[in-house]
Amino acid sequence: MISLRLPGVLAASLLAVSLPLYAAETAPDAAAAMQRSFEAKKQAGMDRLQQDEVQALCTRYTTATLPAEAASSIQQASLATVKPPSDGQYLGDYKAGEQIAQTGTGLQSSDDPAKPNGGNCYACHQLAASELAYGTLGPSLQHYGKLRGQSPEMLALAWRKLYNAQADVPCSNMPRFGHQKILTEQQLKDLMAFLFDPASPVNQ
Amino acid sequence: MNTPRATRRALLVGSLLLLAGAAQAETSTQDAIAEYREMFGDDNPAELWQSRGEALWHTARGPKQANLTACDLGLGPGVIEGAYAQLPRWFDDTQQVQDLETRLVSCVTTLQGIPREEFLKVKFGDGEKKSELEALTAYVVAASRGKPIALPMQHPAEQAAYALGKAAFSYRAGPHDFACATCHGDAGKRIRLQELPQLTTAAGAREAYTYWPAYRISQGELRTMEWRLQDCFRQQRLPQLKFGSEVAIGLTMFLAKNAEGGTLAAPGIKR
Amino acid sequence: MSDPMRIRAAVKGEKVEVKILMSHVMETGQRKDAEGAVVPAHYITKVTASCNGRDVLSADWGPSVSKNPYLSFRFKGGAKGDKLKVTWTDTAGDSRSDEVSIG
Amino acid sequence: MMLARRRFLQRLGHTGLAALTITSGLLPRVVRAADTRPAFAAEAIADALKALGIANPTKSDAIRFKAPDIAENGAAVPVEVESTLPGTREILLLVEKNPHVMSASFSFPDGTDAYVATRVKVAESSLIHAVVKTDAGAFYTDRLVKVTLGGCGG
């Protein structure tokens, strides 16, 4: 079972950059009411309701603007969690990447934990022109690689966006696919190829 | 070495061109989907649940061999017309804020003596396994069609439920850091081709709340608000929302209050 | 015991317009239920309709007719008060008939 | 407006648009206990028509066939067919990409309009064929219905 609270790793990285003390205080005992109102179901355990420091802070500032100090500490803490590809290769197989972008399942109580998680990118983004069923919660990523080229900066930026988007945008709605272990390193590489490979449908 | 201005300008021009093309495809897709929805006319299979619910309401059952015509949904015993438009609300007899579904459970257990677990054995129907709760809910909800939502909201417990709902709405948790607000916090957004009402505004809340409960085409089942909330949390990768829990009723109170003034048109028909 | 159909039959000009909603699972035999077990095929195979005993429609259905089926058709020679009877039969051998008087 | 938009969608089709994604798990191509009625057991349009004794029907514009260009969900696709061909006895609905193409057949005794409206399951974006049997032979028309994948959980 993926232990998502990762007390060890997260606390260590956040301690390196001490978050302001008010981070933990979420709205009026909502956390306690949440505990009383849910029950574990298959892989969706009750631990998932425990907010980490970033989630608690972002909850508190859902509508209010995030104070600059909190924003920069989240950004630094998130940046510290980003691990570049272990072999230094950013791009995998774009066909595998497309499957990940199309697959919406993964980590739900109704999903088979043995199956690889999907990235569900099409839920929020436009990618290949050929796919009409795309979402608009995130910006269009059409022609992502064609427009940006494959400079080291562009690859590193895109990798950060996938691994832990809050390294660039504190309290971003984009899930932290790498840091929260939703996608494996190989899956992230395949998505990078889907974004950058000139042959990928995203760049047609 | 920051991105040279030329590349940044190219990015801008490129994405503007794309937006124009995307916008064109987008409106025609939404047109086509609106047309698809219109083709169902007013032949909504939810009516099959309504007639089953009506039969259940009037049939004497359970150890006490009683029907539900004495059930008080807030407007007096047996009054169903307009009752759903004023729920959730505080009930003195149960000393709780209840939504329609938990109130129906109270009536079934007290008036008919049917144990709660037995009545809720099939909470959400699945093909042959039919839910009495969904049928009764469809019947009562239909009796509020055309009525404006108007919550009493005087009792402190009702205000507390609203505050909890509001807090739960933006509670980010789980592997994906999702909260309801992640998808329902902004206007004009959609997941795939599924438009997302902004539930924090009157217009957005009305657009959603006035059509629930609804017949879900994708499942061929009439689904209630309790199902809608627990299924949303499932997709947020969170554990199971308990039926009739504080957060379920708090969120329903939050949505109903935001939608206040909207005219009920449920049961609706949805994807 | 299956649930009654919702049948609307009304005179429109010199024809009777019929709109029916049937309560049926129309299982294809491909679907898995919440616990992951395959739900066996179970769907309506035959529908007939008659007006005061005169056949006005018959249909043969497969599993790809949608769940809780909808059916609409029109016929001449029916009048207000006539009896429209609709019958379905399914793969499990179950059958159901419902009758309404034309409005 | 209807025609202009369909031509637009067809042009979208020509620019290399792949069929929209399959709706997960509706009707995968798995051999299962087929229906005993030959037409309903058929897995291709030609076989279904042969089983019904229909030799290649002629395309005809005298069949009004209303179906959505895009279906938000393939579980229920509203369709409406009306034949203006004289002596129409039957209307058949076949969905090309379904594991079993034959969906439904309707027969009309004298006095009943050659008209029917119903809702069918479409496993993935597919052509739906409306075949009409008349005293003077068989005719058909078809419509492309694109099925999209909705929802968040996918």
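Keep in mind that the numbers below use all heavy atoms, side chains included, and drop hydrogens, waters and symmetry copies. Every chain is numbered from 1, with letters handed out A, B, ... down the list of sequences.
In summary, of the residues considered (Leu107(A), Asn173(A), Asn120(A)), a side chain to side chain contact (heavy atoms under 4.5 Å, CB included) with His176(B) occurs for Leu107(A) alone.
Here the closest non-hydrogen pair linking Leu238(B) and Ala44(A) is O-CB, 3.6 Å. Across every non-hydrogen atom of Arg237(B) and Gly104(A), the tightest pair is NH2-O, 2.7 Å. Shortest non-hydrogen contact noted between Leu164(B) and Ala33(A) is CD1-CB, 3.5 Å. Residues Ser170(B) and Thr62(A) come closest through the heavy atom pair CB-OG1, 3.2 Å.
Heavy-atom pairs under 4.5 Å with chain B were tallied for Ala40(A), Ser110(A), Pro139(A); the largest tally goes to Ser110(A). Taking chain B as the reference chain and counting heavy-atom pairs below 4.5 Å, the highest number among His125(A), Met34(A), Lys146(A) is found for Met34(A). Between chain A and the options Glu246(B), Gln236(B), Lys189(B), Gln240(B), heavy-atom pairs under 4.5 Å are most frequent for Gln240(B).
Counted within 6.0 Å of OH on Tyr211(B), heavy atoms from surrounding residues, nucleotides or ligands total 12 or fewer; the atom is thus considered open. No more than 12 heavy atoms of other residues, nucleotides or ligands shown are found within 6.0 angstrom of NZ on Lys166(B).
Looking at Ser37(A) and Lys242(B), their side chains never come closer than 4.5 Å, going by heavy atoms from C-beta outward. Counting heavy atoms from C-beta outward, Glu39(A) and Pro239(B) have side chains that stay 4.5 Å or more apart.
Counting only N and O atoms by type, the side chains of Ser245(B) and Arg36(A) include no donor and acceptor under 3.5 Å apart.
Neither the backbone nor the side chain of Phe169(B) comes within less than 4.5 Å of any heavy atom in chain A. Using a 4.5 Å cut-off between heavy atoms, Ala181(B) contacts chain A through its side chain alone, with no backbone atom that close.
No side-chain donor-acceptor contact under 3.5 Å links Arg190(B) to the backbone of Cys124(A).
How far CG of Leu49(A) is from CZ of Phe233(B): 8.5 Å, rounded to the nearest 0.5 Å. In this structure, the separation between CG on Asp111(A) and CZ on Arg234(B) is 7.5 Å, given to the nearest 0.5 Å. Between Arg192(B) atom CZ and Leu137(A) atom CG the span is 12.5 Å, to the nearest 0.5 Å. To the nearest 0.5 Å, atom CD of residue Gln108(A) and atom CG of residue Asp231(B) are 8.5 Å apart. Here the CG atom belonging to Leu57(A) is positioned 11.0 Å from the CZ atom belonging to Arg172(B), to the nearest 0.5 angstrom. For the atom pair CG of Asp177(B) and CG of Asp52(A), the computed distance is 6.5 Å after rounding to the nearest 0.5 Å.
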Show your reasoning for whether side-chain contact (heavy atoms from CB on, under 4.5 Å) applies to Tyr171(B) and Gln55(A).
CA-CA 8 Å; Tyr171(B) 189 89; Gln55(A) 290 171 334; over 6 Å; no
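Applying a 4.5 Å heavy-atom cutoff, the residues of residues 164-172 of chain A that approach chain B are Gln166(A), Cys171(A), Ser172(A).
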